[in-house]
**Student:** 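My structure is below; once you've seen it, I'll send some questions.
The sequence lines fix the lettering, A, B, ..., with proteins before strands; numbering per chain opens at 1. In this text the structure is predicted, and so the values were computed from the model without any measurement.
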2 protein chains.
Amino acid sequence: MRELCLPAGLQPDEVSELDRIIQKRQQVRSDEYLFHEGDVAQAIYAVRIGSFKSYRVREDGVWQIVGIHLPGELFGMDALADQHHRVSVQAMETSNVCALPLADLAALTIRIPSLGKQVMRMTSRELNTSYENHELLGRRSAQERVALFLCRYTDRRRNSGLKADSFDMAISRQDLANYLGLQLETVSRAFRQLKDNGCITASRSLLEIKNIDALREAAGFCHGKTDYAYHH
Amino acid sequence: MRELCLPAGLQPDEVSELDRIIQKRQQVRSDEYLFHEGDVAQAIYAVRIGSFKSYRVREDGVWQIVGIHLPGELFGMDALADQHHRVSVQAMETSNVCALPLADLAALTIRIPSLGKQVMRMTSRELNTSYENHELLGRRSAQERVALFLCRYTDRRRNSGLKADSFDMAISRQDLANYLGLQLETVSRAFRQLKDNGCITASRSLLEIKNIDALREAAGFCHGKTDYAYHH
DNA sequence: GCAACCTCTTGATCATGATCAAAAACTTAA
DNA sequence: TTAAGTTTTTGATCATGATCAAGAGGTTGC
């Protein structure tokens with residue numbers, strides 16, 4: 001438990017108590033499901049190793065990835081509104097999670113109030129990430145989307161204690177395109193441009209950030225601080 | 001307090017206690033700010049009357065609306081991750097909110113655990129709404145976006161106890177376009193088509209749903225239940 | 001009532017990214 | 001190693017929505 005995000009802000013004896021109760025560690029293979037949209041929620045989950053995708057499937061079978069979860073992050077809080085999951089979650093590579101059964105959580109939260117606060121904090125963080133995604137999809141070109149995604153993704157990897165300048169992307173081009181609201185071919189072309197500009201090198205799944213400043217520029221970050229005006 | 005979402009699931013005496021402490025009701029005029037991106041959080045807010053928009057402003061001054069808040073809904077939970085707001089919030093019409101100061105909230109949550117659960121529930125709901133927005137922006141035509149927005153918006157109005165088939169849209173075309181990741185002209189054209197199809201009538205701000213089934217169809221909902229396949 | 005202003009609508013053209021098609025790169029299994 | 005199957009790249013064309021431009025409809029203040 002210790003390496004997880006959850007115990008942050010807890011007393012050592014509280015961590016031990018949490019540790020004793022939450023012993024459910026699950027090994028999950030690539031593409032395996034943790035739960036489906038509509039399922040009655042059993043638990044929320046903390047990623048230990050690997051990565052996961054949250055997605056919704058429309059009536060017509062079209063799907064949309066709405067979240068990506070890296071080590072140290074929590075997922076499954078979509079079900080806290082009414083005990084039913086509103087997304088499906090699937091592993092994108094061989095992974096390992098720690099399940100926090102909702103029954104235990106309710107009891108524990110009363111004994112350890114800071115645990116409830118920590119779950120709240122992580123949910124708020126996920127909400128902000130989703131707001132950022134809305135911003136990314138709102139009015140940005142294909143290149144900006146891909147570049148911005150890479151910037152944010154590497155930042156999150158760094159936060160999760162993973163290598164951030166040269167690593168294996170568990171996300172397929174197809175999934176990435178879906179997540180970014182683009183076609184797979186468009187993502188491929190964006191990668192090409194970023195390679196040609198010397199921002200990155202990328203083979204099938206190995207990605208290397210060569211020039212973070214150029215990448216940030218492609219993502220639409222400003223260099224000089226513009227004293228921008230509010231829109232009113 | 002009674003007409004709000006927050007007391008749901010609380011005992012009568014707990015509601016009274018909440019009522020006694022949370023007496024801060026604020027009248028807010030159109031376009032007035034509740035807080036700005038980056039502000040240290042003072043409170044979370046429950047909408048009593050009116051509506052609000054959450055948005056982020058980029059370094060280059062481009063802004064993106066990421067959330068809309070109707071009566072009975074909570075906002076400001078973006079700050080629960082680290083006590084700093086990650087969006088700005090502005091009233092879209094003359095409104096009335098109830099502020100729940102964070103200091104009081106912390107104390108109250110210990111005395112009334114179900115209050116914390118309720119805040120958690122509302123945050124989870126907002127997270128799902130944001131996931132739905134990601135899905136809306138992902139891979140949908142301009143018409144679908146507008147029609148789907150109207151479907152969801154009227155549903156939420158109904159949930160908030162507001163008139164849902166004929167009402168005044170507080171959201172300007174400009175804001176709506178921004179929220180949906182479109183240009184204002186494109187939204188205007190989508191409205192025209194929906195009018196021509198007999199789905200709606202719309203003047204400047206008065207909107208009337210004439211044919212909800214046609215509207216749902218324009219939004220991409222299926223009629224017959226297709227036994228859809230999972231994508232794997 | 002008129003002028004100034006703002007928001008929304010409509011029209012015409014253009015650019016970006018979707019779609020269709022095929023080949024190349026990489027993976028897996030026999 | 002070869003063959004079959006994926007996934008990714010590249011090319012060519014097309015369609016949707018962005019952009020530019022002008023006008024219509026409402027609102028506000030004098």
**Student:** In residues 137-154 of chain B, which residues come under 4.0 Å of DNA chain C by heavy atom?
**Tutor:** none

**Student:** Centre-to-centre under 6.0 Å for B:Phe35 and B:Tyr45, is that the case here?
**Tutor:** yes

**Student:** For A:Arg58 and A:Trp63, indicate whether the former's side chain and the latter's backbone hold a donor-acceptor pair under 3.5 Å.
**Tutor:**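 No, the answer is negative, given that no donor and acceptor are paired below the 3.5 Å cut-off.
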
**Student:** Rounded to the nearest Å, what distance is computed from the CG atom of residue B:Leu206 to the P atom of nucleotide D:dG26?
**Tutor:** 12 Å

**Student:** Please report the closest heavy-atom contact between B:Leu207 and B:Ala202, naming both atoms and the distance.
**Tutor:** CD1-CB, 3.8 Å

**Student:** Between B:Arg173 and B:Phe191, is NZ or CZ placed under 6.0 angstrom from the six-membered ring centre and within 45° of the ring axis?
**Tutor:**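 Output yes; distance and angle both within limits.
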
**Student:** Check every strand shown and say whether A:Leu184 touches a base, only sugar-phosphate, or nothing at a heavy-atom separation below 4.0 Å.
**Tutor:** base

**Student:** Could A:Asp155 and A:Arg158 be called an ion pair, given the rule that one side-chain N must be under 4.0 Å from one carboxylate O?
**Tutor:** yes

**Student:** From CD of A:Glu185 over to C1' of D:dT7, roughly how many Å is that when rounded to an integer?
**Tutor:** 12 Å

**Student:** Do you know which two heavy atoms are closest between B:Ala99 and B:Ala43, and how far apart they sit?
**Tutor:** CB-CB, 4.2 Å

**Student:** Considering every strand and a 4.0 Å limit on heavy-atom distances, what is the contact class for A:Gln174: base, sugar-phosphate, or nothing?
**Tutor:**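 Contact class for A:Gln174: sugar-phosphate only.
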
**Student:** Whole angstroms only, please: what is the CZ-C1' distance between A:Arg192 and D:dG11?
**Tutor:**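 Roughly 13 Å, once rounded to whole Å.
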
**Student:** In whole angstrom, what separates A:Met169's CE from D:dT7's P?
**Tutor:**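 Distance, rounded to whole Å: 15 Å.
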
**Student:** Under a 4.0 Å threshold between the charged nitrogen and the carboxylate oxygen, would A:Arg29 count as salt-bridged to A:Glu93?
**Tutor:** no

**Student:** With nearest nucleotides of DNA chain C determined for A:Arg204 and A:Leu182 from heavy-atom distances, which residue corresponds to the more 5′ nucleotide?
**Tutor:** A:Leu182

**Student:** Axis-to-axis angle across the helix from C:dG1-D:dC30 to C:dA30-D:dT1, five pairs an end, to 10 degrees?
**Tutor:** 50°

**Student:** Output yes when B:Glu132 and A:Arg86 qualify as a salt bridge under the 4.0 Å nitrogen-oxygen rule, no when they do not.
**Tutor:** no

**Student:** Please work out if A:Arg173 contacts a base, only the sugar-phosphate, or nothing of the nucleic acid, heavy-atom cut-off 4.0 Å.
**Tutor:** sugar-phosphate

**Student:** So does B:Glu32 get a backbone contact from the side chain of B:Gln90, meaning a donor-acceptor N/O pair under 3.5 Å?
**Tutor:** no

**Student:** Atom CG of A:Asn178 and atom P of D:dT7: how far apart are they, to the nearest Å?
**Tutor:** 14 Å

**Student:** Could you tell me whether A:Arg189 contacts a base, only the sugar-phosphate backbone, or nothing, with contacts defined as non-hydrogen atoms closer than 4.0 Å?
**Tutor:** base

**Student:** Could you give the start and end, 5' to 3', of the contact zone on DNA chain C for chain A, using atoms under 4.0 Å from its heavy atoms?
**Tutor:**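 First and last nucleotides in contact are C:dG17 to C:dC26.
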
**Student:** Can you name the one residue among A:Ile171, A:Asn133, A:Thr154 that meets side-chain contact (heavy atoms from CB on, under 4.5 Å) with A:Phe149?
**Tutor:** A:Ile171

**Student:** State plainly whether the residues B:Glu185 and B:Arg192 are in salt-bridge range, i.e. N to O under 4.0 Å.
**Tutor:** no

